[in-house]
Amino acid sequence: MNLEITPGQLTLEQLRAIRAGGVQLTLHASAASNIRRAAAVVQAAAAGDAPVYGVNTGFGKLASTRISKEDLATLQRNLIRSHCVGVGAPLQPGVVRLMLATKAASLARGHSGVREDVVQGLLDVFNAGLLPFVPAQGSVGASGDLAPLAHMTLALMGEGDMLLEDGSGQLLRRPALAALQQMGIAPLVLQAKEGLALINGTQTSTALALEGLLRFEWVFAAAMVSGALSLDAARGSDGPFDARIHAVRGQPGQIETAAAYRRLLAGSAIRQSHQEGDERVQDPYCLRCQPQVMGACLDQGRYVRDVLLREANAVTDNPLVFVNDDGTAAMVSGGNFHAEPVALAADALAVAIAEVGAIAERRIAMLIDTSVSRLPPFLTANAGLNSGFMIAHVTAAALASENKSLAHPASVDSLPTSANQEDHVSMATFGARRLGPMLDNTSHIIGIELLAAAQGFEFLRPLQSSAALEHAHALLRQTCPAMPTDHYLAPDIAHAFTLVGSGALSQLLQREGGMVVLG
């Protein structure tokens, strides 16, 4: 499938497709003239005598050091090589694809002063299915994501390594030059300012945060479904989901999630069975306050979506080129490489991820507590001989606790770098990277809740839940059987984790609950 990029107009749906791969990227024809005009400004500055940061000077604390004209290309190569200092495991393929595409889109805005060859080189590597080997650690989120973007650029130059997907999901690591030659792509030869433009910017932290956001969409949807399953398994009240309650508060996410819960639960015979004679006045907060908690997390996720969409379309390198209608131009130094917007958004998403997992853990605890759920202790018919879900809940508690530590804001930390020239940094790259482990934790918690709630249903048979929730129950039972007695539970948790991350429950929520998480 061909996907045309219009600089400054990338959509969330396009970013989803880029992350997934299997598309061929092209650049809208309107971008060419802007790229050329800005490149001409940089080339004129390189040929002149006036000092221009990053064109004929050193970098960071070395900005006052002048570089001779004959060394300008060497300056850019040395910049990339010296900044390739990343460590750790390589970034995931979806993240690297987003880096390549958003960097190309940013440079194509025509404010960075690179040649068309540079933008096309990024697209050629993407379209060939090549993935630069980019170590995950080493960026503080200002002056841009220097180390990871340098590793990306090094591979385009034919140095470093590339990862190739072999068709079976495995990644093969090969020398970058050999990989480029195999695909008929010429190594990139940098000219004035081009190395700086490629590594200055927030594309790594933004790509990592987008990866987290797009995964959160499916995890959030699964938590909506698992929460509705737990409510019915515990024969909870649907009164707290009454539209009037949420309308008078006016929080949009709360109103929307309450409506989705009502649709998911509609027609449940379990619900109907306890409309009369139920002595409980109110359910625990983990059931009753789901719209308030999940709605707030939904609003948080949509705020993050808006920030990251703006950042994915932004120009974030330095200095920037501005060409006026009369042909005059200026190169202006600033700080768009500072990733504070991404850092704060990643911190906001981390809190939402932790909260989604935290309330799900409380629902698991409620389900195994017979005094609250009115189900057999630990969801097993012969408690004592069987332990049921006793220790599965312990795992959920352990993961929820880990998320509490990981949710500590990364953006409030800053360590000065570059001999105090770069004296306040965002820590956005770590802030975004830690979303992955948090989502894994929450996905496992929700997987355990799905198993526990489904087991609760077994004790209420022959009563049936709603069509939507019976469908969710059937999806789980395709790989996870009921547990009348204790059995090896870890594989079931793994299968449930896979279901959470498959998008199947997100599709169910959209179809039956009328709700699209990110829009």
So, the side chain of Ser112 versus the backbone of Ala108: is there a donor-acceptor pair under 3.5 Å, distance only?
no

All side-chain contact (heavy atoms from CB on, under 4.5 Å) counterparts of Ala209, not counting sequence neighbours:
Leu308, Val342, Ala432

For Leu163, is there any backbone N or O sitting under 3.5 Å from a side-chain donor or acceptor partner on Arg173?
no

Polar contact flag, side-chain donor to acceptor under 3.5 angstrom, Ser230-Glu449:
yes

Which residue pairs pass the salt bridge (Lys or Arg N to Asp or Glu O under 4.0 Å) test when at least one of the two sits in residues 2-23, sequence neighbours left out?
Glu13-Arg16, Arg16-Glu217, Arg19-Glu211

Strictly by salt bridge (Lys or Arg N to Asp or Glu O under 4.0 Å), give each pair with a member in residues 220-229 just once, sequence neighbours left out.
none

Any residue meeting side-chain hydrogen bond (donor to acceptor under 3.5 Å, both in side chains) with Asn403, in chain and number order, not counting sequence neighbours
Asn441, Thr442

Please, which pairs that meet side-chain hydrogen bond (donor to acceptor under 3.5 Å, both in side chains) have at least one residue in residues 344-356, sequence neighbours excluded?
Asp347-Ser411, Asp347-Arg434

What verdict does the side-chain contact (heavy atoms from CB on, under 4.5 Å) test give for Val140 and Thr429, after you've listed the backbone C-alpha separation in whole Å, the side-chain angles of each residue and the deciding distance to 0.1 Å?
CA-CA 6 Å; Val140 295; Thr429 321; over 6 Å; no

Considering all heavy atoms of both residues, which atom of Pro132 and which atom of Leu156 are nearest to each other, and what is their separation?
CG-CD1, 4.1 Å

Backbone N/O of Pro416 and side chain of Asn420: donor-acceptor pair under 3.5 Å
no

Student check: side-chain heavy atoms of Leu451 and Phe389 closer than 4.5 Å
yes

Rounded to the nearest 0.5 Å, what's the gap from CG on Leu499 to OG on Ser443? Could you check?
10.5 Å

Verify whether one side chain among Asp145 and Ser139 offers a donor that lies under 3.5 Å from an acceptor in the other.
yes

Would you call Leu3 and Gln24 a side-chain contact if the rule is heavy atoms closer than 4.5 Å?
no

Would you say Ser226's side chain and Ala223's backbone share a donor-acceptor pair under 3.5 angstrom?
yes

Taking atom CZ as the centre, does Phe322 end up with more than 12 heavy-atom neighbours from other residues, nucleotides or ligands that are less than 6.0 angstrom away?
yes

Any side-chain heavy atom of Phe241 sitting closer than 4.5 Å to one from Leu231?
yes

Asn56 side chain vs Ile67 backbone, donor-acceptor pair below 3.5 Å
no

Can you list everything that forms a side-chain hydrogen bond (donor to acceptor under 3.5 Å, both in side chains) with Thr417? Sequence neighbours excluded, please.
Glu422

Pair His393, Glu361: side-chain N/O donor-acceptor within cut-off below 3.5 Å
yes

Separation of Leu130 CG from Asp161 CG (nearest 0.5 Å)
12.0 Å

So do the side chains of Gln76 and Gln191 get within less than 4.5 Å of each other, counting heavy atoms only?
no

Compare all side-chain heavy atoms of Ile35 with those of Leu107 and state whether any distance is below 4.5 angstrom.
no

Let me confirm one number: the CG-CZ distance from Leu518 to Phe216, rounded to the nearest 0.5 Å.
7.5 Å

Are Thr202 and Glu311 close enough, and set up right, to give a side-chain hydrogen bond (donor to acceptor under 3.5 Å, both in side chains), and what steps lead you there?
CA-CA 8 Å; Thr202 64; Glu311 197 70 7; 2.8 Å; yes

Trace of the side-chain contact (heavy atoms from CB on, under 4.5 Å) decision for Ile446 with Val356:
CA-CA 9 Å; Ile446 295 165; Val356 169; 4.2 Å; yes

Member of Leu100, Ile5, Leu122 meeting the side chain to side chain contact (heavy atoms under 4.5 Å, CB included) criterion with Leu25:
Ile5

So do the side chains of Val425 and Met427 get within less than 4.5 Å of each other, counting heavy atoms only?
yes

Begin with the C-alpha distance, continue with both residues' side-chain angles, and end with the deciding distance and a verdict on side-chain contact (heavy atoms from CB on, under 4.5 Å) for Val114 and Leu198.
CA-CA 9 Å; Val114 304; Leu198 281 160; 5.7 Å; no

Output every pair passing side-chain hydrogen bond (donor to acceptor under 3.5 Å, both in side chains) with a member in residues 502-519, not counting sequence neighbours, ordered by first then second residue.
His471-Arg511

Residue pair Gln251 / Asp299, side-chain heavy-atom distance below 4.5 Å:
yes

Residue pairs involving residues 92-115 (criterion salt bridge (Lys or Arg N to Asp or Glu O under 4.0 Å); sequence neighbours excluded):
Arg97-Glu165, Arg115-Asp117, Arg115-Glu194

Main-chain N/O of Leu196 paired with Asn200 side-chain donor or acceptor, under 3.5 Å:
no

Other residues, nucleotides, ligands: >12 heavy atoms within 6.0 Å of Gln92 CD
no

How about Asp124 and Gln120: does a side-chain donor come under 3.5 Å of a side-chain acceptor?
yes

Take Gln9 and His28 through the test side-chain hydrogen bond (donor to acceptor under 3.5 Å, both in side chains) and record every step on the way to the result.
CA-CA 11 Å; Gln9 297 181 33; His28 192 278; over 6 Å; no

As a test of understanding, state which of Leu476, Leu475, Ile445, Ile493 forms a side chain to side chain contact (heavy atoms under 4.5 Å, CB included) with Leu450.
Leu476

Is there a donor-acceptor pair closer than 3.5 Å between any side-chain N or O of Ser401 and the backbone N or O of Ala398?
no

N/O donor-acceptor pair under 3.5 Å between His111 side chain and Val321 backbone
yes

Take the angle between the ring planes of Phe497 and His444 and call it parallel below 30°, perpendicular above 60°, tilted in between.
parallel

Please confirm whether the backbone N or O of Gln14 pairs with a side-chain atom of Thr11, one donor and one acceptor, at under 3.5 Å?
yes

Before giving the answer on side-chain contact (heavy atoms from CB on, under 4.5 Å), spell out for Ile18 and Phe126 the whole-Å C-alpha distance, their side-chain angles and the decisive distance to 0.1 Å.
CA-CA 9 Å; Ile18 289 166; Phe126 181 100; 3.8 Å; yes

Residues two or more places apart in sequence or in another chain: which of them pass side-chain hydrogen bond (donor to acceptor under 3.5 Å, both in side chains) with His246?
Gln254

Pairs meeting criterion salt bridge (Lys or Arg N to Asp or Glu O under 4.0 Å) with involvement of residues 81-94, two or more places apart
Arg81-Glu159

If the condition is side-chain hydrogen bond (donor to acceptor under 3.5 Å, both in side chains), which residues does His151 pass it with, not counting sequence neighbours?
none

Would you say the side-chain atoms of Asn318 pair up with the backbone N or O of Gly334, donor to acceptor, closer than 3.5 Å?
yes

side-chain contact (heavy atoms from CB on, under 4.5 Å) partners for Val412, two or more places apart
His408, Pro409

Pairwise side-chain contact, Leu349 with Gln300, heavy-atom cut-off 4.5 Å (strictly under)
no

